[in-house]
Structures are given as structure tokens and as C-alpha cells.
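Below is one structure, written out as C-alpha cells, with a few remarks after it.
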Amino acid sequence: MKRSGLYIIMCIFGLLGWAGCSEDAMLPDEQTNVPSKTLLTLNFAIEGENAASRAEGDDSPEHPAVDWEDDIVTLQVFIKHADDTWEEPIYLWDITGSPYTIKLNDLDLTETTVYVGANLTMEQTQAFIQQETDDAAYTFTNNAFDLVTDLSPYSTENSDLTGRRHIAMFCTEGIVPQVIEKDEDGKPTKYTTSGFSLKRMVAKILVTCKADETITDGETNVDYVPVSESFEGWIRQSDVKYLVNGLNRKTYIMQQIDPKATEPYANVVDPNNRLSESVSNNGDFYFQPIEGAYDSPYLRSALPFVKTSLSSYTEGIYCPENTFALDETIQLEGQQPQITHVCVAAKFTPQNLWVEYDLFDYVANQQNIEPEVKEAIKQLRPSDGKPGDVVEIECTSEAVASQLLLSSLQRANNRNGFPEGTYFYHNKKKAFYTYGAMGRDGVSMDDIDTNPGVFGDFVPYIGGWGYYYTYVDNREDYELTPNDWNEFYRHGQVERNRYYILNITGFSRPGSSVTNPNYIMVHTYSLPWEKGGSGEITLNPEDEIK
């Protein structure tokens, strides 16, 4: 790698902007400014935006970014000579926007190609040169849901999971500088570049939920999401959470496009491009089942969906690019966890419950239950029941169902320590049970005490939480996706610098673990961080992530 005399004006304020970030020690120190003989003017813009940084003004694009998503704290400049040798990468602070002029010490740029990145660490800077020379990819240093923090914050909430406050970006192609001024001897002294288009190196995913406008038996001033007629009950908007799973652990610094690809939604070349060849190499991807993780710090709350306000959304979780070559003959044999997908956790309160008949007397004798709830439960008591029976009732409100689930746990002294809201689903009868009713219908409490966690045909839904998943759909405009799994997964490409807004339009069955996925109905809006199309996906509960 060549080393030319490079002198750059640095700004103390720019350096302070990096204070507290984990990558501080990985960047070169400030250099002294001395007279130079070559000037290079860089013109650049962030793809999908009209300004290179907020310092240039907010032009309010159709799909606005979070105020810091456009920040360019440092700029990295790469100069490649015609003989395939490279100058040392140039690090610039105090980036006030485009155009930006840098000073070089007598460097001939007439037969060079220039590339530009932003907010890169030194490792990422070197990874780009390795990519260009050896087709090498950058490997993420973390191995968890927040591995994306090498390139960006974990989410727009900018949580404490990361110290990053900006997003790594890279240009879409190299540019040959143009001479705009020569000295008296005809030697070029000033160059300029046509506009670099910078892409954020991550995608952003948001989950939203359609509102159920028909709810009349829920709590006042609480929003609910739709559930199907065969899955009656209540899911609150505030009780729907999501995270991104099946993460790619490798990425190219500059996006690679396959010019021969026939599908525009699947033309990005990935370091792990062929799923069939990478299924046994778990180190290339991060996947973790999330059943029971409703309190995970990685989960983010879904938002209410308002189609007329699509352009106002900015929230989401960031994730690395993850694409793969389409193969008409591929048979899925465990590759699904390597395709980036969205896991959804939703807390459900069932309306139709099997309860122990004795529970009605227990509730009637409690002093801390709301009078209207106690009276409603009294009205549900079957006239032909007797102690020891298990009876089915249809709860008249969410408050009634919640109280019955809680009282059943309390009445049995909750021997297994289940949290409030827990219900039990009978796999064969497809019915919902309270704790006490479950203990009388096929499972003895003594057996549970002897062998904790074994509930026969019953599945405990801890705290009422169920788990679902869906892929995103990278096409901007598409019709209803076929339910055939091999047809469905192929559209689950995740590209950098795109904003995927998923709209859950309904829940059709109780959620379960990711080894037995269940129905959720989803629209995906695939947006190039400014606009996009829509379509509908219905997940097949018979398919499996293995």
C-alpha cells in the first residue's frame, strides 16, 4: 500500500463528536495541517435523501430519517491506482456536508479511482480494501441479536445496548476524479468527483399492527389488534413486541450487485450467497429461538398502523444485509434460520375458558375484585355444575377472563410460580384452560409437583405470551404470496438502506415456539428509506423452522 504525504484539516469539535464511542481508539489521531499541492473535491449524498448531512438542512424527503440517521461524523476516502495499489485510507473529521474539499500532498489522481465511506472503523476500512483485492467480507465481532452494533445502534431507540450513535455507510461505486485546474506547467492541481451515492450499510425493520375497531368488551382507552373468529380473545396493541432473527454475520463493505440477476429484489451478492452450501456452517449466521423471552431487552414494541401516515414512521430495529441467490431447485433442509426474519411476541387473553367449577365460589369470597367483574363472573356460573367439575364458559370481557386466570393461580397457591395471565392450551381439544382446570382434566397437580414442567397434552403459555414469525418481502410491488414455503421464503431478501414496515393484520391461532410456527397475517411495505409497495403474506402453520 502506498504512503503519500497526506495533510488534512481536522477539527477539535469533530473529534469531540466521537467521545464515548467504542470505536474511538480504532481511528487515527489528528494530523497537522501543512501547505498542499493537490485539492480533491468530493460530492456525495446519502441515497434516498437530498442532503449529505443535517448540517446541510432537512429537505423533508418523502420518508424522513431519524434526525441522526444521516449524520456523517467521519468520512473515509480510498484512492486506488491503475496498478491496483492503494493509498493509505484517509480519515476526515468535521464533515460539514457536500461538496467537501480535502488537501493532498502532490498526488497525481489522473489514473485513480476514488471510493468514499462514512463512519467506518479502522477494521471496516481495511475490510473494504481486502474486499477489493481478495473478495473478503467483513465479519461482525458480536454474536447476538445486537451484532449489528458494529455498523449502527441496535434500534432507533438508541438503547444502552450500544455506544454507536451513527450508521456506517459506503458508496455504491468508485469514481474517477476529473481535472478542473492545472498549474502553469500543465500539471493538474485540482480535481473533483461526480456525486457519490452513500448507502447506509444496514436495513431497518418496523412491525406495526392494524387496530381492531370492533372491540366492545375490552378496557376503556386501550387499543386492541384483530384476532380471528376461531381464536377469540384479546391482544392489546401494547402487548405486541418484535425482534429480528436469523442475522447474517458477514457483509461486504460496498454492496455487490449481480448484473445478470433476473429479479431486482434478489440481485445483491452476499458473502453467504448460497444457502445450500452454508447450512452446516452456523458461524456465518446468528439464530436463537425466542420462546419465553417476552422480557428480552432486544424486543421492541410494535406500533399502531396508519396507512395514510406511512411517511411519518421512523422507528425500527437495524439489521445487516442478508440476501441469497435464488435457486429453483433448492430444497430447504434447515436453512430457514439463516434467512433474516421477524419474531413477534404477543400476549393473548382467551375469551372461551375451561375453568374449575369451585373457582366461582372462590371469586365470590374475594374482597379485592372489582364489583362489576365479580358480578359478571357470578352470572357466568353454570346452573348444572357441581364441585369437582370442569366447565366451559364464554367470558364477557377481557377483565373477566383475566380475573379468572389470576384467581385460579391464586386458589391453587400457584405451585409452579406462573406469572399473571398464564393459561394452558390443550393441544388435542384446541381449548384454553385455567391452571386449576388443567389440573383436573388429564393432569394431576401431584404429578406436576413430582415432575415440574410436564403437563401432558397441555402447553403452558407463560404470562399469556405466544410467539410467531414472518419473513419480510423485499419486492416493492407484489400480489398475494403463495403459501407454498419454497415460493414464500425466496422473497425474504433483506437489503441495506431499505426500510421494511410490516403490518400485522390479524392473529389466527395461539402463538407457540419457533419450532412450530403459527398464523399471523402480515402486509410488508418494502421502502428504499423513502417509498415502496405493499402485499400480503399469510404464514402456513404446518411449516417449520428447524
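Note that the structure is a prediction, hence the values are computed from the model and not measured.
Phe287 places a side-chain heavy atom less than 4.5 Å from the side chain of His341. Considering only heavy atoms from C-beta on, Leu405 stays 4.5 Å or farther from Tyr435 through its side chain. Tyr318 has its side chain within reach of Glu69: a pair of non-hydrogen atoms, C-beta onward, lies under 4.5 Å apart. Counting heavy atoms from C-beta outward, Asn322 and Leu247 have side chains that stay 4.5 Å or more apart. Using a 4.5 Å heavy-atom cutoff, the side chains of Ile504 and Val225 are not in contact. Contact check for Trp68 versus Asp70: no side-chain heavy atoms found under the 4.5 Å cut-off. Here the side chains of Tyr224 and Glu219 are in contact, with some heavy-atom distance below 4.5 Å. Between Phe507 and Ile235 the shortest side-chain heavy-atom distance falls below 4.5 Å.
Residues meeting the side-chain hydrogen bond (donor to acceptor under 3.5 Å, both in side chains) test with Gln379, sequence neighbours left out: Glu375. Every residue two or more places apart in sequence or in another chain was checked for a side-chain hydrogen bond (donor to acceptor under 3.5 Å, both in side chains) with Thr422, and none qualifies. Looking at residues two or more places apart in sequence or on another chain, you find no side-chain hydrogen bond (donor to acceptor under 3.5 Å, both in side chains) involving Gln410. In this view, Asp212 satisfies the salt bridge (charged side-chain N to carboxylate O under 4.0 Å, His left out) rule with no residue, not counting sequence neighbours.
Annotation: cation-pi pair Lys210/Phe305 absent, no NZ/CZ under 6.0 Å from the ring centroid and within 45° of its normal.
The existence of a salt bridge linking Asp361 and Arg381 is confirmed by a sub-4.0 Å separation between a basic side-chain nitrogen and an acidic carboxylate oxygen. Between Asp150 and Arg164, no side-chain nitrogen of the basic residue sits less than 4.0 Å from a carboxylate oxygen of the acidic one, so the salt-bridge criterion is not met.
Between Tyr286 and Phe140, the ring center distance fails the sub-6.0 Å criterion.
Thr156 OG1 to Glu315 CD: the interatomic distance, rounded to the nearest 0.5 Å, is 5.5 Å. Taken to the nearest 0.5 Å, the CD1 atom of Ile377 stands 11.0 Å off from the CD atom of Glu372.
Side-chain contact of Asp284 with Gln338: a donor-acceptor pair under 3.5 Å is absent, judged by distance alone.
Pairs passing the ring pair (Phe, Tyr, Trp, His ring centres under 6.0 Å) check and including a residue from residues 358-404, sequence neighbours excluded, read Tyr357-Phe360. Judged as a side chain to side chain donor-acceptor pair (under 3.5 Å), the pairs with a partner in residues 233-242 (not counting sequence neighbours) are, in order, Asp217-Trp234, Arg236-Glu398.
Judged by distance alone, with hydrogens and angles left aside, the side-chain atoms of Arg509 form no donor-acceptor pair with the main-chain N or O of Phe231 at under 3.5 Å.
A perpendicular orientation is assigned to the rings of Tyr423 and Phe432, their planes being inclined by more than 60° (bins at 30° and 60°).
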